There are 2 protein chains.
Amino acid sequence: MTGTAGQDRAERRSSLSVPDRLLSVATRLFAERGFERTSVQELVDAAGVTKGAMYHYFSSKDDLLYAIYQRVLAMQTRRLNEFAQAGGPVEERLRAAAADVVHTTVDNLDDTVIFFRSLHMLSPDRQSAVRKERRRYHECFRAMIEEGARAGVFRSDVPADIVVTQYFGAVHHLGMWYRPEGQLGGAEIGAYYADLLLASLRP
Amino acid sequence: MTGTAGQDRAERRSSLSVPDRLLSVATRLFAERGFERTSVQELVDAAGVTKGAMYHYFSSKDDLLYAIYQRVLAMQTRRLNEFAQAGGPVEERLRAAAADVVHTTVDNLDDTVIFFRSLHMLSPDRQSAVRKERRRYHECFRAMIEEGARAGVFRSDVPADIVVTQYFGAVHHLGMWYRPEGQLGGAEIGAYYADLLLASLRP
DNA sequence: CCTGGCATACCGCCCGGTCGGTTGCCGCGC
DNA sequence: GCGCGGCAACCGACCGGGCGGTATGCCAGG
């Protein structure tokens, strides 16, 4: 019982560890108000800790932002690999992956909003690290489209790069207009988006 | 001869008026470094004027940003109206408008980058004003798609809203990856994008 | 006793914004 | 033609605040 008073404060509103709580709160606030509009003081107040705690785990505000990017990139990469390495015809693999990326984007809207709105707030080297990882992600998608084009199930008169950037542009933009209280859920929108993608690729 | 020194300073690097120079420089800097990372002092230094001059024409930094949005919105609306009110079959009108929006986006990349990255920096009422105007823009596009669906030249099993948001998401995202020094120009990308859009709409 | 895990008090910088002053120009009475 | 008044355009020193970041202390657990 010695730590009760301390735990009342440290664990209020959540059972997560301090760094995880900071990440969680920061994700919400950065998405709501923007990175620059959220002061470190507001952040730690909302997380129920102090600046000292934050700077104990993160070396700077920028470092905290980068941690969010790392978490998002890890999740995206893991997800895509599951779908790309599955079996079945390439058009079904592409459809499943395309629908899933919409679904997970909608399920983690705050992450997506931050990802594309605050990239330029990262230090230049971290910016390029994120872009590089993101590029690998696109390559995986492009490979599926080119595989389908060689197999003759997709058209080949449009560069696969164009198709990929167009599709992911649409996906990233979900954070600008999608609201959970709307009529369509993530699964429905994912199905529509994937269907439009496959339709545009018909030979 | 009394005014010579004054004009040397006032007109250096450009023949534009002071407010126009501020708008032009602000657009470039906000796109390069971001709105919050660009201080008013840097801005006026780059424009060759002083703070006093800026606050004479704009009531705040936010006001300057809003002026940029107004300029962009006016241009977009004017452009789209030209294409929507043209004659010819609906699929050709849609194709022309869809290709043009890509072309003009690429030609004004700085505007686009600011537009989707800094919306949350505007005051709430101005944010909703921009969103409202932008909504009217989307409606115009949606109307063409629904017209084509009624005429039977476009499929009707996907909501027109979904198609519009997907397409404009892709267009907005151009600012994240397009570089003028790349291989493809705005016209080529516009043609590809419009072609993919039309293909995805085939019944 | 010492180290990790915090809290607290504090710092210096620089930001957006202000305000009194100056300059140059234009209309006007004479 | 000329002095005068007035006003828009612009200057730049200055300000209060709040920002990101830090130095130090304290305390429980091993």
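The structure displayed is predicted, hence computed values, not measured ones. Proteins get letters first, then strands, A, B, ... in listed order; numbering begins at 1 in each.
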B/R202: which residues meet the side chain to side chain contact (heavy atoms under 4.5 Å, CB included) condition with it, sequence neighbours left out?
A/R202, B/A199
Enumerate, atom names and distances included, each donor-acceptor pair closer than 3.5 Å involving a side-chain atom of residues 169-180 of chain B, sequence neighbours excluded.
| from | atom 1 | to | atom 2 | distance (Å) |
| --- | --- | --- | --- | --- |
| B/H172 | ND1 | A/H173 | NE2 | 3.4 |
| B/H172 | NE2 | B/R134 | NH2 | 3.1 |
| B/H173 | NE2 | A/H172 | ND1 | 3.1 |
| B/Y178 | OH | B/L184 | O | 3.0 |

B/D63 CG - C/dG17 C1' separation (whole Å)
13 Å
Between the side chains of A/S123 and A/D125, is a donor N or O closer than 3.5 angstrom to an acceptor N or O?
yes
How would you list, by chain and number, every residue that makes a side chain to side chain contact (heavy atoms under 4.5 Å, CB included) with A/R131, sequence neighbours excluded?
A/L119, A/Q127
Please list, chain by chain and in numerical order, all residues satisfying ring pair (Phe, Tyr, Trp, His ring centres under 6.0 Å) with B/Y137, sequence neighbours excluded.
B/F168
Take the protein atom CG of A/D45 and the nucleotide atom P of C/dT8, then report the distance between them rounded to whole Å.
11 Å
Quick check on D/dA9: is either OP1 or OP2 less than 4.0 Å from any side-chain nitrogen or oxygen of B/H56?
yes
To the nearest Å, how far apart are B/L65 CG and C/dG17 C1'?
17 Å
A/Y193: which residues meet the ring pair (Phe, Tyr, Trp, His ring centres under 6.0 Å) condition with it, sequence neighbours left out?
none
Which parts of nucleotides 13-21 of chain D does protein reach within less than 4.0 Å, heavy atoms only, written one letter per nucleotide 5' to 3' as B for base, S for sugar-phosphate only and - for none?
------SBB
Whole-Å distance between C/dC15 P and A/R37 CZ?
15 Å
